[in-house]
Amino acid sequence: MNVYDSDKMKDIFLSHNILPTDDYTKADFVVLNTCHIREKATEKTFSDLGRFNKKGKKGQTVIVAGCVAQAEGELIQKRAPYVDLVIGPQSIQSLDHFLKKDDFKEKAITEFDAIEKFDTLNQIKTNHSSKTAFVTIQEGCDKFCHFCVVPYTRGAEYSRTVYEIEDEIKALVDLGVVEFTLLGQNVNAFHGKDASGNTHSLASLINHLSEINGVERITYSTSHPISMTDDLINLHGTNEKLMPYLHLPVQSGSDNVLKLMNRKHTRDFYFDIIEKVRKVKPDIALSSDFIIGFPGETDKDFEDTIDLIKRVKYMNSYSFKYSPRPGTPAANKKMISDDILDERLFQVQQLLNEQQMEYNKKFITKTVSVLIDGAGKHEGQLKGKSEFNQSVALLGEKKIIGQIIPVEIKDVLSHSLIGERA
Ligand code: 5AD
Ligand code: SF4
């Protein structure tokens, strides 16, 4: 979502004829868009800010946006007084207002107003050069998992309207985009209204969007198991534009830990969803997030996570050491020792990597459909993405960038596939 918000801020700058540059030392404006999900991000923010202060051009306007800005606005102003403006993730549209005034003296804008955010952003011209795009359809979270800062930094759950989303997608189609990732912290809790005031579920929205000419692929991220309704599950068996890929974070395989985390479901509930999804789409690629070493996680709890991973078999997943976040209910709980955390993370990552390799190897000699989205690392190479969300490299001419073509898989690397046009 930060990529999406950064693109929107770029659109605002472009609407004021301010162009992007790769060299921050010569830039008139620097915007640091930040993430607060784990601890390291705050320290990284301050080290980046120090660099801007030292090497940035004289008179440079420094803006800190995103969730670190939201949560640590006062600290930023204290530790980095040269920062001109601090804007929270639901206030990025205020950039337009400051550029109009050409005055950045007001120090911190951290209101939660998703309606104003999108009302303003809808008026700004969309620019986009790649074939794939993120589109935020829902923002914020009311679930309050005990480890997570999102409900505090991105605010309450808010769904955009169906017509606003449709307009944005049509504008992106006109710019050549064919693949859309619908975004939300709780994307499957989407409940946006149409022009007649009727509420739509995510499944209904996806059906509607897939009728737009030029939309070839749709996927959505990130979902919560308790909002995985049957209409959405069944859509994976019926809607051909919906990519056969599902990122459904479970965080832990232990009922005790799920309870401590306030995830509001059990491991069996998760297994039931996976079973239902695989029934309607047997070859669906599954992915998850795992938090390792949440306070109170015992050896047995950890074994339950390993067991869940072995039972589900993922195509790829993200795993993180638990990081205490200020203001969350788990923040002051006793931490598990670093040695144990490191060992558990290592075991989980090893298993997930093995599963990814195993999953990918099954594709050798098979043909997948690849959206070619740019030049590869080596001369003459192109890169793209399969419908299962795998990175694919192949030889080919640049003129086919943007096309979806059949590719026969010849070989597998640890995180990508190598193929030839079929
Ligand atoms: N510590 C570690 N990982 C976290 N995540 C969210 N909060 C924390 C935290 N405090 C992970 C979750 C989530 C992903 C986006 O980040 O796995 O799904
Ligand atoms: Fe954070 Fe997701 Fe839990 Fe919401 S559902 S609190 S965004 S982990």
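Just follow the structure's listing: the first ligand is 1, and inside any ligand the first atom is 1. Fair warning: this is a prediction, and the values are worked out from it, not measured in the lab.
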Of all the atoms in ligand 1, which lie at a distance below 4.0 Å from a heavy atom belonging to [X]?
{"X": "Asp289", "value": "13 (C), 14 (C), 15 (C), 17 (O), 18 (O)"}
{"X": "Arg38", "value": "1 (N), 2 (C), 3 (N), 4 (C), 5 (N), 11 (C), 16 (O)"}
{"X": "Arg325", "value": "10 (N)"}
{"X": "Gln251", "value": "12 (C), 13 (C), 17 (O), 18 (O)"}

Exercise. Any nitrogen or oxygen of Ser323, main chain or side chain, under 3.5 Å from a nitrogen or oxygen of ligand 1?
Worked result: yes
For this session: Please say whether Phe147 places an N or O atom under 3.5 Å from an N or O atom belonging to ligand 1.
Result: yes
Exercise. If only atom types and distance count, is the side chain of Asp142 paired as donor or acceptor with the main-chain N or O of Ala156 below 3.5 Å?
Worked result: no
Is the closest basic N to carboxylate O distance between [X] and [Y] below 4.0 Å?
{"X": "Glu157", "Y": "Lys143", "value": "yes"}
{"X": "Arg160", "Y": "Asp167", "value": "no"}
{"X": "Asp272", "Y": "Lys276", "value": "no"}
{"X": "Lys279", "Y": "Glu275", "value": "no"}
{"X": "Arg154", "Y": "Asp5", "value": "yes"}

Problem set entry | Residue-ligand contact Lys321/ligand 1, heavy atom below 4.0 Å | yes
Quick one: which ligand 2 atoms are inside 4.0 Å of a heavy atom on [X]?
{"X": "His224", "answer": "5 (S)"}
{"X": "Phe147", "answer": "8 (S)"}
{"X": "Lys143", "answer": "5 (S)"}

Contact partition for [X] relative to ligand 2, non-hydrogen atoms under 4.0 Å:
{"X": "Thr222", "answer": "neither"}
{"X": "Phe144", "answer": "backbone"}
{"X": "Cys145", "answer": "both"}
{"X": "Pro151", "answer": "side chain"}

Problem set entry | Short side-chain donor-acceptor distance under 3.5 Å, His128 and Asp11 | no
Exercise. If you measure only the distance, is there a donor-acceptor pair under 3.5 Å linking the side chains of Ser201 and Asp231?
Worked result: yes
Please set out all donor-acceptor pairs under 3.5 angstrom arising from side-chain atoms of residues 326-342, sequence neighbours excluded.
residue: Thr328; atom: OG1; partner: Arg325; partner atom: O; Å: 2.6
residue: Ser337; atom: OG; partner: Ile340; partner atom: N; Å: 3.4
residue: Asp342; atom: OD1; partner: Lys321; partner atom: NZ; Å: 2.7

For this session: Please work out whether any backbone atom (N, CA, C, O) or any side-chain heavy atom from C-beta onward of Phe320 is under 4.0 Å from ligand 1, and answer side chain, backbone, both or neither.
Result: side chain
For this session: For atom 4 (Fe) of ligand 2, decide whether Cys141 has an N, O or S atom at a distance under 2.8 Å.
Result: yes
